[in-house]
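Just so it is clear, the model here is predicted, and its values are computed rather than measured. Residue indices begin at 1 and follow the sequence shown.
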Amino acid sequence: MTPPPTAAPAPPAPVLVDPPSTRDAGTGRRTHPATGGALVLVGMLLVALNLRAVVTSLGALLDEVRDGLGLSGTMAGLVTTLPTIAFAGLGALTPWLVRRVAPARVLVVAMLALAAGQVLRAATDSAWVFVLTSALALAGIAVANILLPMLVKQHFPHRTGLVTGAYTMALTLGTTVAAASAVPIAHAFGSWRAGLGVWAAMAAVAVLPWVPLALRTRAGARRSTPTAAGTAPVRVRPARTRLGWAMAVYFGAQSLSGYAIMGWLAQLFRDAGYQPESAGLLLAGVTALGVPIALVMPTVAGRMTSLRPLVLGMTTASTLAYLGLALAPHGGALLWIILLAIGQGAFPMILTAIGLRARTAEGTVALSAFAQSTGYVIAALGPLLVGILYEVTGGWTVPIGFLLGALAVQTVAGMAISRPRYVEDE
């Protein structure tokens, strides 16, 4: 008798026992989707608002901070490199943290560290204390960077593009507001310290939605992870995969240019003849134009079979923007700002790709941690080398040439991540 045909092996089952949208971020227990999910979403959006304000507010006030604290060009380069150093080092520890502490508790501590660091760095007269307290603030951001893609995968698996777009838009909005208003706030209060310290209040507000979620944590909830209790976690090691490294290089190269722009673009426009307020507004223009791009890009990327057209389109826009900044920074400023904003769409695209290239929440947090932590090691070269090259050459041609080289590397890595596949399968 012929045996019945055997079904093809099923793909690995998701590690979450309950539907992800019904698991509480603080305890891992069931919650009503309309309440627990809404609170998590609000919390994510408030956290996202804070993820770049600490960086762009400093970029807009860099001249004032340098004068106030006596920073050399190299020290200023170190300060603008701090975000990438902190994101690389502490981001790599986040998967270890969430295997031992509930995500809600981690986010409460992260946002408190961000608020405290911003207050302390605005109050000091010491350059090195400024660096250390900036690092404290950035530590909170580093952890939140890794957790947000995981929370999207865990709580909103069928709305990945929409929710990623929403929190990326919030991130971009916070970046824009900080860049545009840091100088006016500093002038209104008569000190750059106000222009930096005021954002601590926004970080304190971001703590509030996570407090009730953290308080629900039971005594045994320190073991709460993206996997269900009693289920052996699937260990995903992106460092052993080609996809993981391609994602890390792409993330690193686009972050290198992004942080160089946030740290030095306002200075470039000041050197081109713009007043400080106008230079800050031009920097804010990059992020302001990025708000609709951040909202739309994840949905577009999620619906495309291949990401190649997006990768090539953003490379073209960035190339034209860099050439314009080198040749005509004053006359064509608005056009270069628009093109830079389009090119910086690489950031929401790669955040979306992290979720698209992993099957599970465990895979997502592992890929997110590896791509971001390794990527930020690469990105750390950006602001520092731009600062050194600017100080050595006294102009912007060589620094912009360096950014064009990084863009070429980014494009090659982008081609490698374009086709759909999963990190768990490699």
Side-chain angles (χ1 to χ4, degrees), residues 52-86 117-118 121-135 137-138 141 174-199 256-287 325 329 333 337 340 379-396 399-400 402-403:
R52 297 298 180 270
V54 68
V55 179
T56 53
S57 60
L58 176 59
L61 290 165
L62 189 57
D63 255 7
E64 289 80 357
V65 174
R66 288 177 65 180
D67 292 341
L69 296 177
L71 301 180
S72 66
T74 301
M75 178 67 86
L78 173 61
V79 170
T80 56
T81 304
L82 267 181
T84 55
I85 297 172
Q118 289 182 99
R121 80 171 184 170
T124 186
D125 291 317
S126 165
W128 283 109
V129 172
F130 184 89
V131 170
L132 292 174
T133 51
S134 294
L138 292 165
I141 297 176
T175 305
T176 304
V177 172
S181 59
V183 172
I185 290 172
H187 287 179
F189 286 89
S191 172
W192 58 264
R193 300 177 188 279
L196 296 186
V198 67
W199 308 109
L256 183 152
S257 65
Y259 281 96
I261 288 168
M262 282 190 282
W264 290 101
L265 186 63
Q267 184 65 53
L268 184 152
F269 283 126
R270 286 191 184 196
D271 291 349
Y274 283 97
Q275 294 299 313
E277 293 86 350
S278 299
L281 287 173
L282 286 168
L283 172 60
V286 178
T287 51
L325 288 171
I337 289 300
L340 277 177
L381 294 172
L384 180 61
L385 285 179
V386 166
I388 293 172
L389 292 173
Y390 170 62
E391 185 173 26
V392 170
T393 65
W396 291 102
I400 289 173
F402 165 69
L403 293 176

A side-chain contact here means heavy atoms from C-beta on lying under 4.5 Å apart; do V386 and F402 qualify?
yes

What are the two closest heavy atoms between W264 and G387, and how far apart are they?
CZ2-CA, 3.4 Å

Heavy atoms only: give me the nearest L403-S257 pair and the separation to one decimal.
CD2-CA, 4.2 Å

Determine the minimum heavy-atom distance between I337 and G285, stating which atoms define it.
CG2-C, 3.7 Å

Mind checking side-chain hydrogen bond (donor to acceptor under 3.5 Å, both in side chains) for R66 and listing every partner two or more places apart, or none if nothing turns up?
none

With rounding to the nearest 0.5 Å, note down the distance linking CG in L265 to OG1 in T56.
12.0 Å

For the residue pair W128 and S126, establish whether any side-chain heavy-atom pair is separated by less than 4.5 Å.
yes

I need the minimum non-hydrogen distance between P399 and T393, along with the two atoms involved.
CD-OG1, 4.3 Å

Evaluate the side-chain contact (heavy atoms from CB on, under 4.5 Å) criterion for residues V55 and T175: first the C-alpha distance (whole Å), next the side-chain angles of each, then the deciding distance (0.1 Å), finally the verdict.
CA-CA 8 Å; V55 179; T175 305; over 6 Å; no

So do the side chains of D271 and P329 get within less than 4.5 Å of each other, counting heavy atoms only?
no

One should read off an interatomic distance between W192 CH2 and L58 CG, to the nearest 0.5 angstrom, of 9.0 Å

Hey, could you give me the OG/CG distance between S181 and L281, rounded to the nearest 0.5 Å?
9.5 Å

Donor-acceptor pair, distance only, cut-off 3.5 Å: does the side chain of T133 make one with the backbone of F130?
yes

Heavy atoms of A178 and W199 approach each other most closely as CA-CZ2, 3.5 Å

Student check: side-chain heavy atoms of L268 and Y390 closer than 4.5 Å:
no

Working to the nearest 0.5 Å, report the span between CG of L61 and CD of E64.
5.0 Å

Name all pairs fulfilling the side-chain hydrogen bond (donor to acceptor under 3.5 Å, both in side chains) condition that reach into residues 273-286, sequence neighbours left out, sorted by first residue then second.
H187-E277

About how many Å separate CG of L196 and OG of S57, when rounded to the nearest 0.5 Å?
5.0 Å

Under a 4.5 Å cut-off applied to non-hydrogen side-chain atoms, are L325 and L340 in contact?
yes

Is any side-chain heavy atom of R121 closer than 4.5 Å to one of L132?
no

D125: partners by salt bridge (Lys or Arg N to Asp or Glu O under 4.0 Å), with sequence neighbours left out:
R193

Derivation of the side-chain contact (heavy atoms from CB on, under 4.5 Å) call for R52 and I141
CA-CA 8 Å; R52 297 298 180 270; I141 297 176; 3.9 Å; yes

So CD1 of I261 and CG of L283: to nearest 0.5 Å the spacing works out to 9.0 Å

I need the minimum non-hydrogen distance between V183 and P276, along with the two atoms involved.
CG2-O, 4.4 Å

